[in-house]
K.L.:
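I have a structure here, written as structure tokens, and I will follow up with some questions on it.
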Amino acid sequence: MRHLLTTESLDRATIEGLLDEADGFADVLVRPIPKVPALRGKTVAMMFFEPSTRTRLSFEKAAKSLSADTMTFSPSTSSLSKGESLKDTVLTVRAMGVDLMVVRHKATGAPWRIADWLDIPVVNGGDGAHQHPTQALLDCLTIRQRFDSLEGLNIAIVGDIRNSRVARSNIFAMTTLGANVMLVGPPTLLPIDPENWPVTVHHHIDEVLDRADVVYLLRVQTERGGGSGFPSASEYTQRFGMTAERFRRLKDEAIVMHPGPMNRGVEIGNDVADNERALILQQVSNGVASRMAVLFRLLEGQHDI
Ligand code: CP
């Protein structure tokens, strides 16, 4: 069975193929009728056991743009509240005639468990602090559209990396595409074993400003305990925030990215977030095209991921 659960297992040709496909779908999305019949008759279920704005809605838009039907599961109004198990929940939805599930869950590994129980493709829409592979694809697409290639680019990922599934997925995808990844954060918010990662480690954002081509800012994941990793929001901003003053010290062509949701005034200044070199809304738009590429690959049946 074919799934997309992690970027760790994706080779360069596979990622580049998905990005090429996503570029093609980005062209479809700006047509007067932004839709193709590729997945007519298929049904995609959005199984989000954790909140989401961007991932859930862009998967819905992606599926509909490929002419698939969609079903959206809402945990708070479901029979989970009557004690139904995760396994019975997904088997029940599968029995309604679903062809693919997108799963977000707070528990690391939940999409793998679900993939074991089901006979249809599963896409990881974010599991705990572990992986968020389609976020990495849309981020790499956004960088590639600006610089043509990630080869040799210096990408600084700044903030709460320890609790970030976005960082984990991006580190594997970006380095596979040839980028140099620098992790920037206090020791309390960095991975426990950074020496096992294909990265360099820095403890102050000012160390990387003059060489970064991309500054990728992360939200502090308070819901996963990240807030206890530094004394206060103002101290965090002082050492790691992309303020207007720091933005002026970047290379002229450098860009700023953020997966959202942003905490304006903490990790990113208000003016920086709205600057044309902050590609945050382009990332969101590319989320639709990238997810179209993933759904098409997994459901159209001729390619493996
Ligand atoms: N970037 C991201 O995953 O956003 P959502 O939590 O809104 O889906």
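Just so you know, ligand 1 is whichever comes first in the structure, and atom 1 is the first atom listed for that ligand. Because only heavy atoms are used, hydrogens play no part in the values below, and waters and symmetry mates are left out as well, while side chains stay in.
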K.L.:
Is a side-chain donor-acceptor pair under 3.5 Å present for Asp139 with Thr142?
P.N.:
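No, no side-chain donor-acceptor contact under 3.5 Å.
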K.L.:
Which atoms of ligand 1 are found less than 4.0 Å from any heavy atom of Gly260?
P.N.:
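Going through ligand 1 atom by atom, the ones under 4.0 Å from Gly260 are 1 (N), 2 (C), 4 (O).
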K.L.:
When you check the gap from the basic side-chain N to the acidic O, do Arg12 and Glu16 get nearer than 4.0 Å?
P.N.:
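The answer is yes: the pair qualifies as a salt bridge.
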K.L.:
Determine whether any heavy atom of His132 lies closer than 4.0 Å to an atom of ligand 1.
P.N.:
yes
K.L.:
Just checking, any donor-acceptor pair under 3.5 angstrom between side chains of Trp112 and Asp116?
P.N.:
no
K.L.:
Has Gly126 got any heavy atom lying under 4.0 angstrom from an atom of ligand 1?
P.N.:
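Not so, Gly126 does not reach ligand 1.
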K.L.:
Mind checking whether Pro261 has an N or O less than 3.5 Å away from an N or O of ligand 1?
P.N.:
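In fact, backbone or side chain, Pro261 has no N or O that close.
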K.L.:
Check the hydrophobic clustering (I, L, V, M, F, W, Y; side-chain heavy atoms under 4.5 Å; chains of links allowed) and say if Leu91 and Phe73 are grouped together.
P.N.:
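Same hydrophobic cluster.
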K.L.:
Quick one: does NZ or CZ of Arg104 land under 6.0 Å from the six-membered ring centre of Phe48, within 45 degrees of the ring axis?
P.N.:
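So Arg104 doesn't make the cation-pi contact.
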K.L.:
Polar contacts were defined as any N/O atom of the residue lying under 3.5 Å from an N/O atom of the ligand; does this apply to Arg56 and ligand 1?
P.N.:
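N/O-N/O distance below 3.5 Å does not exist for this pair.
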K.L.:
Around atom 6 (O) of ligand 1, find the nearest protein heavy atom and jot down its residue, atom name and distance.
P.N.:
Arg104 NH1, 2.9 Å
K.L.:
Who's the nearest protein heavy-atom neighbour of atom 2 (C) of ligand 1, and how far?
P.N.:
Thr55 OG1, 3.6 Å
K.L.:
Side-chain atoms of residues 38-47: list all donor-acceptor pairs with protein atoms under 3.5 Å, sequence neighbours left out, distances to 0.1 Å.
P.N.:
none

K.L.:
To check your reading of the model: name the closest protein heavy atom to atom 4 (O) of ligand 1, its residue, and the distance in Å.
P.N.:
Arg54 NE, 3.0 Å
K.L.:
Thr53 heavy atoms, cut-off 4.0 Å: which ligand 1 atoms fall inside?
P.N.:
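Those atoms are 5 (P), 7 (O), 8 (O).
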K.L.:
If we only count heavy atoms from C-beta on, is the Thr6 to Asn124 side-chain gap below 4.5 Å?
P.N.:
no
